[in-house]
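Note sheet for the following structure.
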2 protein chains.
Amino acid sequence: MKSLSIKDIAVKANVSITTVSFIINGKAKEKSISEAVIEKVEKIIAESGYKPNQIARSLRTGNSNIIGLIIEDISNSFFSRIARLIEDKAYKRGYKIIYSSTENSVDKAKELINMFKSRKVDAYIISPIKGIEEDIQMLLDDGNPVILFDRNLPDLNVSYVGADHFNASYQSIQNFIDQGKKNIALVTTDINVEQIIERFEGYRKALEDNGITYNDELVVKVHFNQDEQTTINQVKDLFNSKNIDAVLFATNYLAIGGLKALKQINKKIDDDFAVIAYDDHEAFELHTPSISAVQQPLEEIAETIIKLILSQLASKSKSPVDQVIIPARLVIRD
Amino acid sequence: MKSLSIKDIAVKANVSITTVSFIINGKAKEKSISEAVIEKVEKIIAESGYKPNQIARSLRTGNSNIIGLIIEDISNSFFSRIARLIEDKAYKRGYKIIYSSTENSVDKAKELINMFKSRKVDAYIISPIKGIEEDIQMLLDDGNPVILFDRNLPDLNVSYVGADHFNASYQSIQNFIDQGKKNIALVTTDINVEQIIERFEGYRKALEDNGITYNDELVVKVHFNQDEQTTINQVKDLFNSKNIDAVLFATNYLAIGGLKALKQINKKIDDDFAVIAYDDHEAFELHTPSISAVQQPLEEIAETIIKLILSQLASKSKSPVDQVIIPARLVIRD
DNA sequence: TGGTTACGATAAAACGTTTTAGTAAACCAA
DNA sequence: TTGGTTTACTAAAACGTTTTATCGTAACCA
């Protein structure tokens, strides 16, 4: 069953295609179409269930009403929650989201950008990785609205929304130190992205400011994409070989793996051993004892992203670059 | 900066648009284009970075290479994990995913279907809700590939992939009974969807088959979309007012809420009180004690969905209706 | 009266592809 | 030489919209 086209409607209503188009797009008044014709056409449209072909529309107008969302991994709860909020807010403004996960691969990320480009998405929301600076610059040069989030690319002059990773990390460590902890470990990843680096810098700076010398051996960098068991083993090694009284996990999946490791070696979280996780997760509140966590303000991040996108879409001219850093919140539990 | 079109390439290469198109689409041999021309054109394409406009392509060919994914909520870990797997598998076959969450609203679901329809997606993957049968039937009538998953709509003759909810639930209860439990509660939701009903029926049947009379008061149905605190309170009420020695939570978010409730009223999970959660979640393994769970075979579900979609896309004719029920796995922990 | 303006509507171009139906030249067999 | 094939390439239609430019006709005005 071929679907109806505007032509079918025009024929049925015995008017021109142009007239139907004007009516569909609410330009009837402006183009002085008579009430009678408007009514007739609208009735036919309603009865027939005709829906304009968005593809043809996009081809003609040059915009798709689709926003491309490029993230690391949709199944990570941080991203899926952000995705949900963004989707919701975009939807209310008439935009749809098309997403894809990069899995931290530069090649895949580049491919995705090209894919979205050839699909003529109206805007790009990207949680980027190092190595795609040029591709993003090209998007910017072509005048596309682009917002980075979660991680910034410092070489680029582009709008960005993210939490204050440095301070959140700093505060976490300060919190440990205030409790009298001295041997503070950091479990992080080896991906070379801004937010991970900032978390590391916050860790190091807080130690320094408190007169504790930074010790390389207390920092574990796990490979991204390695399987969880390997991570668990690395964490076990760390705790078995070193005397540690506090640990900051730099992402929620690291914390999940880390907690499993602690459970396996039967290391208890108590007054003598403290844990903080970066990015909250349902498992943390439920854990016995519950785990303190750095909560990123997802709602605010999503809202800011959409605001920036919409303002960029609205202004024809090159829009200003906004870099919004939103404070994160350290939730102390138990 | 306007992006390049096939015409620009044709002019640069001093050949016709047709020739360029043939080369792009790998029909050069078939259409007997000379090696020299092929090389020349390919060189120009590579140098210029030209990418075909997918919108124009879609308009002309009638397919978009996009698969529409309609789910309840992308931030639910069950769906986000499935989404990730589906995305991945689809991507490898050259398809992109456009997703949207229904939030269990019939209106939103209908809207989404229309939206996808006007976007001419090539196929639909839907975790449906009651009330959109007609809309789905229309998709089928128009010859669109449609796969339902997670929940079936029994009135419809449509392909479906999902876990064996009835048996998984039945086995969970049987497991309780084998441990000598008598007062077995069920915490479920009031949404009227197949998979929830099946989980309920499994519960009831298992009791019956073991000579335990079904007791209405041991079943709590929480509202979908109600905030978690309300759920927690309902669960607390249940455990405070009844003598219960085992409970099955019908979804992972109910289990999360329920576990929080148990923690708050300080009810311990031990030999005298057992818990099973439907749909696994990272929090369960980590919980002390760890929580047994029904694991849906996500990988297999995703793979089957994509297989069915692709086979439907491949066959021009009306494809057969496949209903694939995949056994779930009860993982007993601790 | 003649000229401008407003009204109501439309024809046709354009967006960037794919694909059908050619064409002209070269080749080959009889 | 003829005429059929093959080779190499292309013009133009079509996909379904939006939008610009234009066209009668009627109404208005000085």
Side-chain angles (χ1 to χ4, degrees), chain A residues 1-42 45 48-66 114-115 117-122 142, chain B residues 1-42 44-45 48-66 117-122:
Chain A
M1 201 170 81
K2 289 276 296 115
S3 63
L4 294 168
S5 79
I6 195 171
K7 192 172 173 188
D8 300 315
I9 304 296
V11 169
K12 248 182 227 169
N14 203 28
V15 295
S16 76
I17 289 180
T18 311
T19 303
V20 177
S21 175
F22 285 154
I23 293 174
I24 289 171
N25 293 293
K27 299 196 180 159
K29 299 266 155 12
E30 180 189 333
K31 298 289 178 178
S32 58
I33 308 289
S34 69
E35 261 320 315
V37 171
I38 296 180
E39 250 171 56
K40 177 173 62 173
V41 171
E42 279 179 342
I45 290 179
S48 65
Y50 163 74
K51 298 271 182 256
N53 179 326
Q54 291 294 339
I55 305 249
R57 210 175 232 188
S58 291
L59 179 59
R60 171 63 227 226
T61 63
N63 31 50
S64 58
N65 279 297
I66 292 187
N114 276 328
M115 191 130 264
K117 209 195 286 191
S118 68
R119 286 246 140 71
K120 308 287 169 196
V121 302
D122 289 350
D142 289 358
Chain B
M1 200 169 83
K2 288 279 293 112
S3 63
L4 294 167
S5 79
I6 195 171
K7 192 172 172 190
D8 300 314
I9 304 296
V11 168
K12 249 182 228 172
N14 203 26
V15 297
S16 75
I17 290 180
T18 310
T19 304
V20 178
S21 175
F22 284 155
I23 293 174
I24 291 171
N25 293 294
K27 299 195 181 159
K29 299 267 164 315
E30 176 189 336
K31 300 288 179 176
S32 58
I33 307 290
S34 70
E35 264 316 318
V37 171
I38 295 180
E39 251 172 57
K40 178 171 63 171
V41 171
E42 279 179 344
I44 292 178
I45 290 178
S48 65
Y50 162 74
K51 297 273 181 254
N53 180 327
Q54 291 294 340
I55 304 249
R57 211 172 232 189
S58 293
L59 178 59
R60 172 61 227 230
T61 63
N63 31 48
S64 58
N65 279 295
I66 293 187
K117 209 193 287 188
S118 69
R119 286 248 141 69
K120 307 286 169 198
V121 302
D122 289 351

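Within every chain, numbering begins at 1; the chains are lettered A, B, ... in the order of the sequence lines, protein sequences first and strands thereafter.
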Considering only side-chain heavy atoms of [X], which listed nucleotide, [options], is closest?
X: B/R60; options: D/dA14, D/dA12, D/dT17; result: D/dA14
X: B/S16; options: C/dT19, D/dA11, D/dT19; result: D/dA11
X: B/T19; options: C/dT19, D/dC9, D/dT17; result: D/dC9
X: B/T18; options: D/dT17, C/dT17, D/dA11; result: D/dA11

Problem - Non-hydrogen atoms of A/S118 and B/P52 that approach each other most closely - result: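 Result for this residue pair: CB-O, 3.3 Å.
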Practice task
Could you say whether B/F22 or B/L59 is positioned toward the 5' end of DNA chain D, judged by the nucleotide with the nearest heavy atom to each?
Solution key: B/F22
Exercise for the section: Check DNA chain C against residues 29-39 of chain A and give the residues with a non-hydrogen atom under 4.0 Å, in numerical order. Expected result: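 DNA chain C contact set from residues 29-39 of chain A: A/S32, A/I33, A/S34, A/V37.
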Problem - A/E35 bridged to A/K40 by N-O distance under 4.0 Å - result: no
Exercise for the section: Would you indicate what A/S21 reaches in the nucleic acid, counting non-hydrogen atoms under 4.0 angstrom: base, sugar-phosphate, or nothing? Expected result: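 Here A/S21 touches the bases of the nucleic acid.
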Exercise for the section: Quick one: label B/I17 by what it contacts on the DNA or RNA (base, sugar-phosphate, nothing), any heavy atom closer than 4.0 Å. Expected result: base
Starting at [atom1] of [X] and ending at [atom2] of [N], how long is that distance when rounded to a whole Å?
X: A/N14; N: C/dA9; atom1: CG; atom2: P; result: 11 Å
X: A/I6; N: C/dA11; atom1: CD1; atom2: P; result: 13 Å
X: A/K7; N: C/dA12; atom1: NZ; atom2: P; result: 13 Å

[N], OP1 or OP2 - any side-chain N/O from [X] closer than 4.0 Å?
X: A/N53; N: D/dC15; answer: no
X: A/Y50; N: D/dG16; answer: no
X: B/K27; N: C/dT19; answer: yes

Exercise for the section: Check the side chains of B/S3 and B/K51 for a donor-acceptor pair under 3.5 angstrom, ignoring hydrogens and angles. Expected result: no
